[in-house]
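So the structure is just underneath, and the comments pick up after that.
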Amino acid sequence: MRFMSRRLLAVAFAAGSIAIAGAQQARTPPQGQATIITLQQPAQQDNVRALVGRLDLEKYRATIKGLTQFGDRREGTERNRKAVDWIEAQLKSYGCETARMSYDPNRPRPGGGGRGQGGRGRGAGRGTQPPRTPAGTPEDPVRRGAGGKGYGARTGVNNDPQRQQNEELRALNMGEVIPGNVDQVYCTKVGATRPGEMYIIGGHMDGIGYGEAANDDGSGTAIVMELARVFSALDVTTDVSIRFALWNGEEGGLKGARAYVEQRQALQGKDEPTWLGMIQHDMMMFDHGMPRPDGTLSPQQRPEADVNIEFQENSKMAAASQKLAWLLKNANERYATDYPATVGSHMQSTDSVPFQDIVAAISLRENERRDHIGFGWDPHWHQPTDVFSTFSDQDFRLGLNAAQTTLAAVAQLAGANVKGETGFTPLFNGKDLSGWIYGRRGNGAENRSGKGYQVENGVIFSTKEDGGNLYTEKAYGDFAFRFEFRLTENANNGIGIRAPLQGDAAYAGIEIQVLDDSGSQYTTLRPAQYHGSVYDVVPAKRGFQKPVGEWNSEEIIARGRRITVILNGTTIVDADLNDIKDDAVLKKHPGLANARGHIGFLGHGARVEFRNIRIKEL
Ligand SMILES: [Zn+2]
């Protein structure tokens, strides 16, 4: 395909294919020793690609929205306890096996004060809005930016519930801490071949600051939950286990993660699978850059926005952790859609810290914790403004790219396999129409009237005003073509197969109908005009379409004269074209004789969205 050049493919197969064979190595981890690098098999790439394709921006956003209904989720409050229940219910609905553990939030931490390391970037300002004073001015001669360079702004924690402007949210966040132990929930994908070894994927579900803790850390929690959803699908297996942990009590001392290490480290190899690595996610959305000289920040995401992967340079497992960090960066290069990743060596103040001397441990963030967030790069950090509505599409997309990064890396590390996805190649890069061309009209003009097809949020859609015929550049003969589609009311589109680039694909090629079968305009069609039919030739079985607004999955298999259409798992057409003997039909549809041609979307002035478009030649 056009959007992945031969050269890129070669790179992907060679350099791109490292995976930490953590399993054997980490069982008795030599202190700080690097883990093994192995070559990933090409088939594995199909699995990784298929899994990454199942991540869903809307689902990610909806999960964050769901978490924000519990306000800032401060540890031990009723809203925090309700959030734990809600998360557990979601994980269960994904089919991920849940468990809880509890801890005493007031238990003194051995050898330590309140919050972990790295307080360096935090200003005073408790209880009041910290003034965002400019750096290096007479008012603040000390304040500097990252690593003492550039500009910084003060940070702080809002401890005043009255500063929340939204009355409903203010009332919700007034609930006091209820004394007693606190619960946290995790769920586990059990490995098929080595269940006694596992990777831990973490985010903290509690927050502070009297906002909605949307970014800190709804954004990280939602990544963990999305990964739990994708890995828990029935057709996915992994060699080793993966635990999805939603830590509680991170704010104010990494309490949940520390309790987990205290309670479960010694159980490894017995009631606890052996730890292979720990990957934490915290504050995943806001990368608007360094404060300006006057202490203000850009309201827009910066063009250089990235995912920051960090390991701790002076931890006992620094070498293995670094290797794991580079593996994630590599996974980002190959599988994330929009944002790059960078690796840094100052992992601090995050739930992977309690693991860092035991096992490879890294953290993902929107920015570096010490040099960026600590110097005021996120003005919503622990503030009443950390609410869902603060964040833009681009911010959510950055978070999704972090999810793609971790998912792609963990899929390789855990030996993930998706039943039946081997050999499929993506036909759509999620970003633009590379590899696609418009058909031609009789007069030679492109077959579209105006905006044609557009790309947005990882989907191709035919515009309401227009549509037209959009084809693969490449021609296909025998193939399995898989895609997902979402209809609007009375929508009409179609999948052209074995079609020429010019002419009406329903006759000069073959059209597999795409239609809102429930549409008020379509109550009196002929059977072979409803969804999935070989249009005007072979009627499809009806009743397997999802309601308008929901995503459907479909597969069209063309093998010789046999055409099979599978909608949401049910075969709705299974036809042998040789059975069509009616001369009138054959004359009207000369394209039925085609052995090869382009695959395309045939728009008719209605919005229809397509995604996860992939093909396997047979
Ligand atoms: Zn956090």
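Order of listing sets the numbers, starting from 1, for every ligand and every atom in it. None of the values given here were measured: they were computed from a predicted structure.
Contacts of L169 classified as side chain to side chain contact (heavy atoms under 4.5 Å, CB included), with partners at least two apart in sequence or in another chain: Q164, N166, L172, N173, E212, V387. Among residues two or more places apart in sequence or in another chain, the salt bridge (Lys or Arg N to Asp or Glu O under 4.0 Å) test is passed with K431 by none.
Checked against the 6.0 Å centroid criterion, the rings of H372 and W377 qualify as a close aromatic pair. Aromatic ring centroids of F396 and F388 lie under 6.0 Å apart.
Counting backbone and side-chain atoms alike, E251 contributes no N/O/S atom closer than 2.8 Å to the Zn ion (ligand 1). Among the atoms of D282, an N, O or S atom falls under 2.8 Å of the Zn ion (ligand 1).
The N, O or S atom of D216 lying closest to the Zn ion (ligand 1) is OD1.
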